[in-house]
Amino acid sequence: MKQQVKYLAELARIALTEQELAGLEQDLEKILDYVSQLEKIETTGVEPTYHVVPMTNVWRQDKVEASLSTEKALANAPERHGNFFKVPRVI
Amino acid sequence: MKFETVIGLEVHVELATASKMFCGCSTSFGAAANSQVCPICLGMPGVLPVVNQEAVQLALKTAVAFHCQIAAVCRFARKSYFYPDLPKNYQISQYEEPLATGGWLEISGQRIRIRRIHLEEDAGKLIHPEQDQTYSLIDFNRTGIPLMEIVTEPDLRSPEAAVEFLQRLRQNLRYLRVSDCSMEEGSLRCDANISVRREGQPGLGVKVEVKNLNSFKSVRKALLFEASRQTRLLIEGKPFRQETRLWNENLGITESMRGKEQAHDYRYFPEPDLVPLRFEAGVTASLKTEVVELPQARRERLIKDYGLSSYEAEVLTAEKEVADYFEEAVRYYPQPRMVANWIMGDLAGLLREKKCAINQQPVTAEMLGELARMVHDGKITMTAAKDVLRETFNTGKHPALVVQERNLVQIDDASAVKTVVDQVIAENPKAWADFLAGTDKAIGFLIGQVMRKTRGRANPRKVEELIRGYRHGK
Ligand SMILES: [Zn+2]
């Protein structure tokens, strides 16, 4: 279980202390326990509920609308370089 | 021992919509960095994506053109991973329920099966400056552009076949106006799965995914390299693992991504922000009426209806606009082979020279038909016609007007031509003497002089006859 929590934390890019890890391990245990109870319910032939609203085909026309100004778009950038977002090297 | 290469392709195509997949930002190429972004495509909290209907329509059209089964219901899914070009930290894609499955596209008489077609959104563009290796830059303009993924079955048996498939696919998608499929601008991108097996061996060999293929040439080179690398390892009995490799264009090799490759755990789940798409049972039938005649059918028809060679038909159908132009010109002047020659010869030359497309230049199909007719009727010589075409191409003036203005009507009067020939002979005694002495090259010069004096209005064949007649008769 601990390995699984560590793996999930890694996938979600969350750094956890040993203490937090232990706490989450217990939480996850409880959640999985609950889910395993749900799994006992007979659901053969029941369509999964992806949405609670019975809607389909919600779409928009292919029309260009105003974008943000570049200044606004970059306002929350941790760092910028000209009109670009700047991030630590990724290659 | 014989080996067989097995290739399957995953092709990504940016759809030719005006706005993005889930927001109203423009999709136009080449805009200033981060000028076509909004809270939706930047992945700000609390926003709601809404599907672009045209993107769905284009994908459906593609599915019908490639004989796919359109799903009655399809859903979007979240594909989660972290990379700076993906501001939401997930890509909206389709997973278990794609838009269409099970089609095919024919190459050289062989059907290459298409496994699935689905819709998703493009990621941003990363730039890695050379001068400072500590940072990368991101332009999110491309983020959220509608992307259609087409996945083939592993039906291709050589790098050449893979390239042919890609070229045919591109040609078809351009006919359908689904995408401009420009590999340079990245609106057509391709990853390849390739494995090698002993001939006759059941099942597939160890599969390698090759990425970073940015041109038809790199697809061919990368697959040739990878096929021979795997074959060598098999011969040497060295085991190798399933992995993703990057094509290095400079070195001409594929390279393992090794540590850089993260565990592929995308944790797909149904996208809660988007409701499913549902298609009526009759959607395929109604879309069929929207699908234009595709290249293969058109090639066959041009051969059958106009008596073209398969080479001529291939060249003329490479782009839909050229085939349209050809058929229109033939309506004005019903000599298909002659019209084909003009388009494939002089007009193609001018288009290459000016780097423009056939529908972006002033010579209309009617003008070209008229030009071919004037040559055929003997009104102007071929030499003059080539000049006329160039002038029409440069100025947009109708060929008939150019002929009139420049007084290019062929000199029909034999005595008028003879006068000029006599004059040229008198003015060029050395060339004439050379010719009489048996230097056949000299006649070319003499004919050229006559053509110059008549500004191309004499028929060069008749001039030649006349001069040769002099040598024998005079
Ligand atoms: Zn946007």
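So you know, we letter chains A, B, ... as the sequences are listed, proteins then strands, and number each from 1.
- The contact between B/L137 and chain A is made by backbone and side chain atoms together, counting heavy-atom distances below 4.5 Å.
- One finds the CG atom of A/L11 at 14.5 Å from the OH atom of B/Y81 (value rounded to the nearest 0.5 Å).
- At a 4.5 Å heavy-atom cutoff, the contact between B/P84 and chain A is made by side-chain atoms alone.
- Looking at B/P146, there are no atoms closer than 4.5 Å to chain A (heavy atoms on both sides), in backbone or side chain.
- Interface remark: B/Q57 contributes no atoms to any contact with chain A (heavy atom separation under 4.5 Å).
- Ranked by heavy-atom pairs under 4.5 Å with chain B, the list A/V90, A/L74, A/V53 is led by A/V90.
- In B/E290, the CD atom is crowded: over 12 heavy atoms of neighbouring residues, nucleotides or ligands sit closer than 6.0 Å.
- Under the 30°/60° scheme for interplanar angles, the aromatic rings of A/H81 and B/Y135 are found to be tilted.
- For a residue to count as touching a neighbouring chain, one of its non-hydrogen atoms must lie under 4.5 Å from one of that chain's; by this rule B/P39 touches chain A with backbone and side chain alike.
- For B/T134, the part lying near chain A is the backbone, with the side chain staying farther off; criterion is any non-hydrogen pair under 4.5 Å.
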*May I have the step-by-step check of side-chain contact (heavy atoms from CB on, under 4.5 Å) for B/V51 and A/V58, ending in yes or no?*
CA-CA 7 Å; B/V51 172; A/V58 176; over 6 Å; no
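- The shortest distance between side-chain heavy atoms of B/Q36 and A/V64 does not fall below 4.5 Å.
- Listed here is the closest heavy atom pair of A/M55 and B/P276: O-CD, 3.5 Å.
- In this structure, the portion of A/A12 lying under 4.5 Å from any heavy atom of chain B is its backbone and not its side chain.
- Between A/E47 and B/R75 there is a salt bridge, with a side-chain nitrogen of the basic residue lying less than 4.0 Å from a carboxylate oxygen of the acidic one.
- Looking at A/K86, both its backbone and its side chain come within 4.5 Å of chain B, counting heavy atoms on both sides.
- Counting heavy atoms from C-beta outward, B/D139 and A/F85 have side chains that stay 4.5 Å or more apart.
- Looking only at atom types and distance, the side chain of B/S19 has a donor-acceptor partner in the side chain of A/D62 under 3.5 Å away.
- Among B/S26, B/A33, B/G124, the residue making the largest number of heavy-atom pairs under 4.5 Å with chain A is B/A33.
- At least one side-chain heavy atom of B/V56 sits under 4.5 Å from a side-chain heavy atom of A/W59.
- Note: A/L68 CG to B/C25 SG = 7.0 Å, rounded to the nearest 0.5 Å.
- In B/E280, the CD atom is not crowded: 12 or fewer heavy atoms of neighbouring residues, nucleotides or ligands sit closer than 6.0 Å.
- Checked by atom type and distance alone, the side chain of A/T70 pairs as donor or acceptor with a backbone atom of B/N34 at under 3.5 Å.
- Between the side chain of B/S136 and the backbone N or O of A/V87 there is no donor-acceptor pair closer than 3.5 Å.
- For CZ of B/R267, the number of neighbouring non-hydrogen atoms (other residues, nucleotides, ligands) closer than 6.0 Å is greater than 12.
- Only the backbone of B/L274 has a heavy atom closer than 4.5 Å to any heavy atom of chain A.
- Taking 4.5 Å as the heavy-atom cut-off, none of the residues of residues 14-38 of chain A approach chain B.
- Using a 4.5 Å cut-off between heavy atoms, B/C23 contacts chain A through its backbone alone, with no side-chain atom that close.
- When heavy atoms are compared at a cutoff of 4.5 Å, B/F269 does not approach chain A at all.
- Proximity of B/Q53 to A/R60: side-chain heavy atoms (C-beta onward) are nowhere separated by under 4.5 Å.
- By the 4.5 Å heavy-atom criterion applied to side chains, B/L277 and A/T56 are not counted as neighbours.
- Proximity to chain A (any heavy atom under 4.5 Å) is restricted, for B/D132, to the backbone atoms N, CA, C and O.
- Around atom OH of B/Y95, no more than 12 heavy atoms belonging to other residues, nucleotides or ligands sit under 6.0 Å away.
- Rounded to the nearest 0.5 Å, atoms NZ (A/K63) and OG1 (B/T17) are 14.5 Å apart.
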